[in-house]
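Counting begins at 1 with the first residue of the sequence.
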Amino acid sequence: PDLKMYRDSGRGNAIEYGAIKAGLAQATRYIASLGGRHGVRCNSISPGPFPRPGTFDNGFEWFKEELSERTMLGRPGEAHEIKGVIAFLASDLSSYVTGVDIPVDAGWTSW
């Protein structure tokens with residue numbers, strides 16, 4: 001985590017957030033390795049900055065700027081923008097996809 005982006009807000013990215021996200025990616029691979037031969041696929045999605053409504057209210061407009069600077073698209077995500085990946089994984093179009101974690105983060109993890 002880049003703790004500089006949280007400034008003096010008292011907010012931050014807790015250690016358990018990263019540990020849980022990494023654990024879910026590993027669990028995805030593990031479940032896929034067990035289930036594949038039985039026709040069970042397992043994939044996960046790792047959303048990037050998709051702020052909850054109201055995140056930038058009450059003096060936290062600067063936080064939107066911080067998030068925006070860290071994505072290749074220059075802005076945080078909007079809720080509807082994750083639907084495509086969900087639809088893909090839920091459809092037959094992804095029948096040969098298993099054991100992957102798909103980032104939907106405007107390039108956040110690609111820097």
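Contact between T71 and D105 at its shortest, heavy atoms only, is CG2-O, 4.1 Å. Of all non-hydrogen atoms in R41 and S95, the two that sit nearest each other are CD-O, 3.4 Å. Closest approach of F63 to T55, counting heavy atoms only: CD2-CG2, 4.1 Å.
The CZ atom of R29 lies 10.5 Å from the CG atom of L24; values are rounded to the nearest 0.5 Å. To the nearest 0.5 Å, atom CG of residue L89 and atom OG1 of residue T98 are 10.0 Å apart. In this structure, CD1 in I102 is found 9.5 Å from OG in S46, a value given to the nearest 0.5 Å.
In this structure, P76 and F56 have side chains that are in contact, with non-hydrogen atoms separated by less than 4.5 Å. Looking only at side-chain heavy atoms (C-beta outward), R70 and P49 stay at 4.5 Å or farther from each other. Contact check for P51 versus K64: no side-chain heavy atoms found under the 4.5 Å cut-off.
Residues F88 and F50 share a hydrophobic cluster, clusters being chains of Ile/Leu/Val/Met/Phe/Trp/Tyr side chains in contact below 4.5 Å. Taken together through direct or relayed side-chain contacts under 4.5 Å among Ile, Leu, Val, Met, Phe, Trp and Tyr, W108 and V85 form parts of separate hydrophobic clusters. Note: the hydrophobic cluster containing L93 also contains V97 (ILVMFWY, side chain heavy atoms under 4.5 Å, direct or indirect links). Hydrophobic clustering places I86 together with V100 (ILVMFWY residues linked when any side-chain heavy atoms are closer than 4.5 Å, directly or through intermediates).
In this structure, N58 places its CG atom where only 12 or fewer heavy-atom neighbours from other residues, nucleotides or ligands lie under 6.0 Å away.
At least one donor-acceptor pair closer than 3.5 Å links the side chain of N43 to the backbone N or O of G99.
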